[in-house]
Q: 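First the structure, which I've put down as structure tokens, then a few questions once you've had a look.
We count residues from 1, following the sequence as given. No experiment lies behind these values; they were computed from the predicted model shown.
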Amino acid sequence: MAWTELDTRLASIAEAQHGIITYRQAIAAGATAASIHHRCRTGQWQPVAQGVYRVAGSDRTWRQSLVAAVFSAGPGSVASHRSAAALWGLPGFDPGPLEVLRPRHTDHRCSMGRVHETQVLPPAHWTVVDAVPVTGPARTIFDLAGAISARRTERVLDTCLSRRLVDLPTMRAMLSDLGRRGRAGTRLIRRLLDERGPDYVAPASELEHRMLEVLVAAGVPRPQRQVWAGGSHVGGRVDFAYPNHGVLIEADSRVHHMSKLDFEADRRRDNWLMAAGWRVLRITWEQVTARPSEVVALVREALRAAA
């Protein structure tokens with residue numbers, strides 16, 4: 001059978017959507033109900049939901065399933081919650097669950113994944129990532145706050161802040177849009193934002209998160225984050241600092257401080273910092289996760305000695 005201009009248009013639409021095309025899209029591109037039925041009957045297209053088709057031979061991926069779930073939920077629907085977090089590449093959220101957010105009272109059946117409904121979903125709350133309509137980072141954080149633990153929500157918020165996916169004014173604007181009494185997540189988001197002033201610097205890694213948790217839980221004063229060390233031979237910022245005590249703490253991840261070159265650079269930097277009058281502590285992932293009491297004792301001793 002000869003390949004037609006219509007075939008080219010339909011193939012282009014599906015290719016841009018991970019091998020998924022909808023009935024409405026096909027009709028808008030010039031197909032007829034009969035031609036769509038013919039493609040399904042001959043196995044060219046495979047129905048995956050009402051009015052949603054997968055092109056035969058396309059790769060079966062999580063993103064393909066997510067696109068299909070979004071389309072099957074009806075017009076205005078977007079990927080959300082854990083699915084959105086996975087699309088944004090947030091730690092701890094792997095591709096897997098299919099979660100979709102759609103305008104409330106949508107008259108459309110959906111048989112794929114978990115569907116959430118909302119009365120508020122303006123264009124400013126969503127975007128497109130890798131050809132998938134998805135809630136933006138700020139909306140994703142707010143939605144997750146009503147579905148996951150407070151501790152995990154705080155980490156999601158700080159991760160997005162450190163990666164500059166959001167900023168605090170954007171989060172406060174989202175709270176203004178969505179926050180209301182009784183809405184899941186509102187009180188938590190308001191508390192987290194109240195705790196983060198204009199000069200707040202978010203922890204940049206899971207290790208830094210855990211380091212802060214260990215210190216705060218033990219009653220150790222909260223250190224300042226991302227302090228400029230200064231000096232003519234040493235530049236850049238350090239992870240944690242007690243400037244009034246002259247104590248610096250560097251959190252050494254297993255990823256970025258393992259090679260010989262990294263080791264030499266760290267030692268050289270430490271020497272210059274100590275020569276400039278700082279006390280330098282290097283804390284590892286193993287110490288924080290396996291021996292937190294040791295971390296607390298080291299920091300307390302350094303602060304006591306400095307005092």
Side-chain angles (χ1 to χ4, degrees), residues 17 22 24-25 49-52 63 65-90 92-93 95-161 163-196 200 202:
Q17 299 176 158
T22 69
R24 290 185 178 184
Q25 290 171 339
Q50 183 178 2
V52 182
R63 280 172 172 76
S65 297
L66 187 57
V67 169
V70 168
F71 289 153
S72 71
S77 301
V78 296
S80 67
H81 294 74
R82 294 166 184 83
S83 293
L87 274 176
W88 287 108
L90 301 183
F93 295 91
L98 302 178
E99 291 193 77
V100 175
L101 183 66
R102 71 179 182 183
R104 186 161 294 170
H105 307 309
T106 299
D107 185 17
H108 208 92
R109 293 182 180 180
C110 179
S111 59
M112 300 185 66
R114 181 177 179 182
V115 178
H116 307 266
E117 294 190 339
T118 179
Q119 291 181 335
V120 183
L121 189 58
H125 285 201
W126 65 274
T127 185
V128 176
V129 173
D130 198 12
V132 184
V134 59
T135 51
R139 179 62 189 259
T140 299
I141 295 168
F142 204 106
D143 289 338
L144 285 172
I148 61 177
S149 69
R151 178 181 178 186
R152 198 175 181 195
T153 300
E154 183 171 12
R155 291 184 179 179
V156 169
L157 172 59
D158 279 344
T159 295
C160 289
L161 288 171
R163 293 184 179 181
R164 299 184 179 180
L165 292 175
V166 298
D167 54 29
L168 292 175
T170 301
M171 286 303 305
R172 292 191 177 97
M174 186 61 64
L175 178 61
S176 177
D177 287 347
L178 297 176
R180 66 175 187 273
R181 183 176 299 178
R183 182 188 177 99
T186 295
R187 292 181 61 184
L188 173 58
I189 292 296
R190 181 172 287 113
R191 175 176 69 79
L192 294 177
L193 295 181
D194 287 344
E195 292 172 353
R196 287 153 174 77
Y200 178 76

Q: Not counting sequence neighbours, which residues clear salt bridge (Lys or Arg N to Asp or Glu O under 4.0 Å) with R183? List them please.
A: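 Only D143 meet the salt bridge (Lys or Arg N to Asp or Glu O under 4.0 Å) criterion with R183.
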
Q: Locate the shortest heavy-atom distance separating A73 from V100; write the atom from each residue and the value.
A: CB-CG1, 3.7 Å

Q: Return yes if some donor-acceptor pair links the side-chain N/O of S72 with the main-chain N/O of Q50 below 3.5 Å, else return no.
A: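 No, because the side chain of S72 does not come within donor-acceptor range (under 3.5 Å) of the backbone of Q50.
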
Q: With heavy-atom distances below 4.5 Å as the criterion, would you say the side chains of F142 and T186 are in contact?
A: yes

Q: Quick one: side chains of residues 164-174, donor-acceptor pairs under 3.5 Å with protein atoms, not counting sequence neighbours, listed by atom name and distance.
A:
unit_1	atom_1	unit_2	atom_2	d
D167	OD1	T170	N	2.8
D167	OD1	T170	OG1	2.6
R172	NH2	L193	O	3.4
R172	NH2	R196	O	3.0

Q: By salt bridge (Lys or Arg N to Asp or Glu O under 4.0 Å), which residues pair with R104, not counting sequence neighbours?
A: none

Q: Side-chain donor-acceptor pairs under 3.5 Å in residues 118-128, sequence neighbours left out?
A:
unit_1	atom_1	unit_2	atom_2	d
T118	OG1	V120	N	3.0
T118	OG1	V120	O	3.1
T118	OG1	R139	NH2	3.2
H125	ND1	R139	NH1	2.9
H125	NE2	D177	OD2	3.1

Q: Can you list the residues that meet the salt bridge (Lys or Arg N to Asp or Glu O under 4.0 Å) rule with D130, with sequence neighbours excluded?
A: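 Expected list: R63.
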
Q: Does R152 count as lying over the ring of F93, i.e. NZ or CZ under 6.0 Å from the six-ring centre, within 45 degrees of the axis?
A: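 Yes, a cation-pi geometry holds between R152 and F93.
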
Q: In chain order, what residues pass the side chain to side chain donor-acceptor pair (under 3.5 Å) check against T140, with sequence neighbours excluded?
A: T135

Q: Applying side chain to side chain donor-acceptor pair (under 3.5 Å), name anything that partners R114, two or more places apart in sequence or on another chain.
A: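 None.
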
Q: Who pairs with T153 by side chain to side chain contact (heavy atoms under 4.5 Å, CB included), at least two apart in sequence or on another chain?
A: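 T153: side chain to side chain contact (heavy atoms under 4.5 Å, CB included) contacts with A145, I148, L188, I189, L192.
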
Q: Tell me every residue that passes side chain to side chain donor-acceptor pair (under 3.5 Å) with S80, counting only those two or more places apart in sequence or in another chain.
A: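 Checked S80 against side chain to side chain donor-acceptor pair (under 3.5 Å); zero matches.
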
Q: Which heavy atom in P75 sits nearest to a heavy atom in P103, and how many Å separate them?
A: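 Between these two residues, the closest heavy atoms are O-CD, 4.0 Å.
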
Q: Which atom names give the shortest non-hydrogen contact between W88 and P137, and what distance separates them?
A: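 Heavy atoms only, the tightest pair is CZ2-CD, 3.4 Å.
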
Q: Strictly by salt bridge (charged side-chain N to carboxylate O under 4.0 Å, His left out), give each pair with a member in residues 74-86 just once, sequence neighbours left out.
A: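 Applying salt bridge (charged side-chain N to carboxylate O under 4.0 Å, His left out) to every pair that reaches into residues 74-86, excluding sequence neighbours, yields R82-E99.
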
